[in-house]
Amino acid sequence: MPISGNENDDALLIARARAAYGAGQHTLAARLAGEVPAGRAASLDALEVMALAQRALGDVAETERLLRRAIAVAPARHWPRDDLARLLLDTGRADVAEQVCREAVDADAANANAQAMLGNFLSEREELVEGACHLRNALALAGPHPQLQANLGHNLARQGRLAEAETLLRQSLAAVPDALSTLAWLAEILEQDRRFDEASTMLDAAEMVAAKQGTDVKLQRATLLSRTTEWRRGLTLLEGEKLLSGAARLQRGRLRDRAGRHDDAWQDFVAGKAALARASGRDYPDAAVARLVADLVAFFTPANLSTILPAPVAAGVPQPIFVLGFPRSGTTLTEQVIASHSRIRAGGELPFAAELSVIAVERSGGAYPGDFTALFRPLHASLATTLRDHYLARAKAFGLLAPGADFFTDKMPLNELYLPLLRLAFPAAPLVSVTRHPLDVMVSAMSHDFTHGFDCGYRLEDAARHFAAMNDLTAHWRDGLAMHSHALGYERFVAAQETETAALMKHLGLAMEPAQLAFHQSRRFAPTPSYAQVQEPLHDRSIGRWRPYAGALAPARAILAEAIARGGYAG
């Protein structure tokens with residue numbers, strides 16, 4: 001029977017409810033808090049206690065209902081949205097949790113918890129620049145919180161900003177010396193920065209913490225050893241292990257490949273990729289990709305394209321250089337060579353081209369890329385400039401338009417899918433298409449984890465299908481729409497580095513610089529799976545890598561037959 005008659009009684013009820021909750025009497029806590037009438041000053045406190053109690057009782061739906069009521073009662077308070085976001089995240093609804101965090105930040109940008117959670121969401125989705133922005137906001141609001149410092153440091157390391165990342169991680173580690181993830185991330189940075197002895201010492205500390213937690217850092221130790229002459233010891237660490245993660249299977253496969261154990265290596269590649277796909281729910285949508293390619297080809301005919309006005313060059317800002325190619329074809333190497341020039345800034349894998357496609361869909365009312373005849377006539381004059389301005393605004397946010405450079409690179413793999421939109425937005429931008437023997441690309445693709453190309457890289461046949469589809473599409477853009485690029489063949493580049501570099505730079509309109517021939521000495525870190533390779537002098541070990549795997553590659557060879565012939569390759 002309710003005992004609440006005034007605000008003093010309400011306060012007593014809340015105190016009794018909190019005491020019951022603290023004593024583990026969750027049903028009683030919820031009942032007592034529920035006796036506070038709605039509309040009273042204590043009603044928000046009552047909702048908080050009831051939500052906590054229902055969460056403890058396992059009633060997720062009721063907890064969510066109560067938290068949403070609390071948001072409606074007090075939209076300026078932080079805790080209801082913070083608790084709701086955590087509830088949604090803990091119950092597997094990360095997309096809804098992210099939306100709640102966005103609403104919380106919109107409601108009050110001083111909400112440190114919401115800023116931190118949103119930063120983590122974006123970082124996990126590889127939207128690193130935006131994620132770092134929110135993590136920085138959270139740090140500014142909350143002060144030097146060790147976990148925030150570690151998360152921001154990890155984000156920045158994945159952007160290739162190793163020095164700043166190291167500072168943050170060391171600050172975090174000073175506050176929490178036994179944080180395993182921080183130790184591991186710092187060891188990874190030191191390895192990437194080629195400070196192998198320091199990385200080994202950091203892993204020694206991580207191993208001690210991991211042992212106490214019943215885990216290990218064998219994969220990271222093996223990765224570090226793979227960068228040294230002791231790579232066989234790294235293989236020994238992983239041999240005989242039956243419960244390796246997908247990433248560890250790939251690493252063991254790469255080491256087995258290096259040891260010449262190709263059958264064992266291929267088994268690891270296939271099993272590792274399958275494990276990663278299962279863990280992340282990744283699956284290549286081959287039918288949808290085929291429809292998209294067909295729609296693009298039908299949309300961008302010469303006649304249709306001629307009616308759309310290209311954007312003028314935006315004066316006074318660095319211009320993009322688009323490095324095109326399939327993952328593992330040599331795009332990272334090519335960017336490292338280009339960006340070793342004093343007038344070119346490295347952009348890395350920029351997500352802007354895909355964003356242009358979204359804008360084209362929105363601005364056309366859904367006509368793009370399905371029905372060109374439904375494209376609004378005014379868009380023929382304005383669409384390209386809209387696309388250009390969005391791309392450059394995003395580039396500015398990424399710090400790519402600062403003075404001191406004439407160009408910046410955009411090496412997002414498979415941007416050829418969006419090439420007509422990029423050409424409309426930047427009709428004068430240099431295009432560089434990187435090619436490599438398709439079967440060598442397949443072996444490299446199977447031995448590394450990447451999500452480009454609609455998650456095509458988790459099965460050999462899917463990778464081959466997507467390669468063939470993009471190869472056909474690129475040939476169509478070139479032959480049907482006269483979208484020509486400088487073709488940089490990986491094999492030709494290895495055979496004649498200086499000649500091919502000079503030809504590349506002539507295409508870009510700049511003179512070759514000596515630093516470009518010593519690209520492996522650049523202190524820039526390329527945050528892709530190829531980072532270790534581009535820190536080595538040029539070699540030919542990756543040419544013909546497919547031959548020991550010829551039998552395993554049989555399912556891909558028929559799919560890739562036309563692409564192999566088009567490229568002038570044997571096999």
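- The residues Lys218 and Glu207 are annotated as not salt-bridged, no charged nitrogen and carboxylate oxygen being separated by less than 4.0 angstrom.
- Side-chain atoms of Thr91 come within 3.5 Å of backbone atoms of Leu87 as a donor-acceptor pair (strictly under, hydrogens ignored).
- Considering CZ of Arg125 and CD of Glu130, their distance stands at 9.0 Å, rounded to 0.5 Å.
- Results of the side-chain contact (heavy atoms from CB on, under 4.5 Å) test with Asp406 over Arg343, Arg345, His341 single out Arg343 as the only residue that passes.
- Around CG of Asp197, the count of heavy atoms belonging to other residues, nucleotides or ligands within 6.0 Å does not exceed 12.
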Practice problem: Show your working on salt bridge (charged side-chain N to carboxylate O under 4.0 Å, His left out) between Asp257 and Arg254 and close with a plain yes or no. | Solution: CA-CA 5 Å; Asp257 171 85; Arg254 292 192 292 270; over 6 Å; no
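- To the nearest 0.5 Å, the span separating CG on Leu168 from CZ on Arg161 amounts to 10.0 Å.
- For His448 (side chain) and Ser444 (main-chain N/O), a donor-acceptor pair under 3.5 Å exists by modelled atom type.
- The closest side-chain donor-acceptor pair between Thr501 and Gln516, if any, does not fall under 3.5 angstrom.
- You'll find the ring centres of Tyr284 and Phe454 outside the 6.0 Å limit.
- Taking 4.0 Å as the cut-off between side-chain N and carboxylate O, Arg261 and Glu239 count as a salt-bridged pair.
- Arg328 and Ser447 share no side-chain donor-acceptor pair at under 3.5 Å.
- Under 3.5 Å, the side chains of Glu513 and Ser340 contain no donor-acceptor pair of N or O atoms.
- Gln497 places a side-chain N or O within 3.5 Å of a backbone atom of Leu517 that can act as its donor or acceptor partner.
- Atom CD of Gln213 has more than 12 heavy atoms from other residues, nucleotides or ligands within 6.0 Å.
- Between the side chain of Ser485 and the main chain of Leu431, no donor-acceptor pair closer than 3.5 Å is present.
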Exercise. Apply salt bridge (charged side-chain N to carboxylate O under 4.0 Å, His left out) to Arg249 and Asp268, showing your working.
Key: CA-CA 5 Å; Arg249 290 293 294 264; Asp268 273 339; 2.6 Å; yes
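- Using a 4.0 Å cut-off between charged side-chain N and carboxylate O, Asp389 and Lys396 make no salt bridge.
- Separating the CD1 atom in Ile71 from the CZ atom in Arg81 is a distance of 5.0 Å, to the nearest 0.5 Å.
- In this structure, a donor-acceptor pair under 3.5 Å is present between the side chains of Asp108 and His78.
- When all heavy atoms of Ala502 and Met512 are compared, the pair lying nearest together is N-SD, 3.7 Å.
- Taken from CG in Asp83 to CG in Asn113, the straight-line distance is 9.0 Å, to the nearest 0.5 Å.
- Between Gln251 and Leu255, some side-chain heavy-atom pair lies under the 4.5 Å cut-off.
- How far CG of Asp462 is from CZ of Arg282: 13.5 Å, rounded to the nearest 0.5 Å.
- Checking side-chain atoms of Thr334 against main-chain N and O of Gly330 turns up a donor-acceptor pair under 3.5 Å.
- With salt bridges taken as basic N to acidic carboxylate O contacts below 4.0 Å, none links Asp410 and Arg394.
- Under 3.5 Å, the side chains of Glu349 and His452 contain a donor-acceptor pair of N or O atoms.
- Ring pair Tyr391/Phe426 is perpendicular by interplanar angle, where above 60° counts as perpendicular and below 30° as parallel.
- Ser172 contributes no side-chain N or O that, together with a main-chain N or O of Leu169, makes up a donor-acceptor pair within less than 3.5 Å.
- Taking a 6.0 Å sphere around CZ of Arg195, one finds it holds more than 12 heavy atoms contributed by other residues, nucleotides or ligands.
- The closest donor-acceptor contact from the side chain of Arg158 to the backbone of Ser123 lies under 3.5 Å.
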Exercise. Starting from the C-alpha separation in whole Å, work towards a yes-or-no answer on side chain to side chain contact (heavy atoms under 4.5 Å, CB included) for Val494 and His539.
Key: CA-CA 7 Å; Val494 170; His539 58 76; over 6 Å; no
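- Of all heavy-atom pairs between Ala109 and Gln115, the closest is O-NE2, 3.0 Å.
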Quiz item: Can Leu162 and Leu190 be said to form a side chain to side chain contact (heavy atoms under 4.5 Å, CB included), step by step?
Solution: CA-CA 9 Å; Leu162 300 188; Leu190 294 168; over 6 Å; no
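- With no hydrogens or angles considered, a side-chain donor-acceptor pair links Gln159 and Asn155 at under 3.5 Å.
- For Pro177 against Leu183, the heavy-atom pair with the smallest separation is O-CD1, 3.9 Å.
- Here the two rings, on Phe398 and Phe408, have centers that are 6.0 Å apart or farther.
- Taking 4.0 Å as the cut-off between side-chain N and carboxylate O, Arg136 and Glu164 count as a salt-bridged pair.
- Using a 4.5 Å cut-off on side-chain heavy atoms (C-beta onward), Leu422 and Arg388 make no contact.
- Taking the ring axis of Phe450 as reference, the NZ or CZ atom of Lys273 stays within 45° of it and closer than 6.0 Å to the ring centre.
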Exercise. Begin with the C-alpha distance, continue with both residues' side-chain angles, and end with the deciding distance and a verdict on side chain to side chain contact (heavy atoms under 4.5 Å, CB included) for Tyr458 and Asp283.
Key: CA-CA 8 Å; Tyr458 293 91; Asp283 187 37; over 6 Å; no
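- Electrostatic pairing of Arg227 and Glu191 counts as a salt bridge here, judged by a charged N lying under 4.0 Å from a carboxylate O.
- Under the 4.5 Å side-chain criterion, counting only non-hydrogen atoms from C-beta, Met412 is not in contact with Leu350.
- Not one N or O on the side chain of Thr331 forms a donor-acceptor pair closer than 3.5 Å with the backbone of Pro327.
- Remark: Arg252 does not engage Glu241 in a salt bridge, criterion side-chain N to carboxylate O under 4.0 Å.
- Distance check, rounded to the nearest 0.5 Å: CG of Leu67 to CD of Glu48 gives 9.5 Å.
- The main-chain N or O of Met470 is never found under 3.5 Å from a side-chain atom of Glu416 such that the two would form a donor-acceptor pair.
- Gln192 contributes no side-chain N or O that, together with a main-chain N or O of Ala187, makes up a donor-acceptor pair within less than 3.5 Å.
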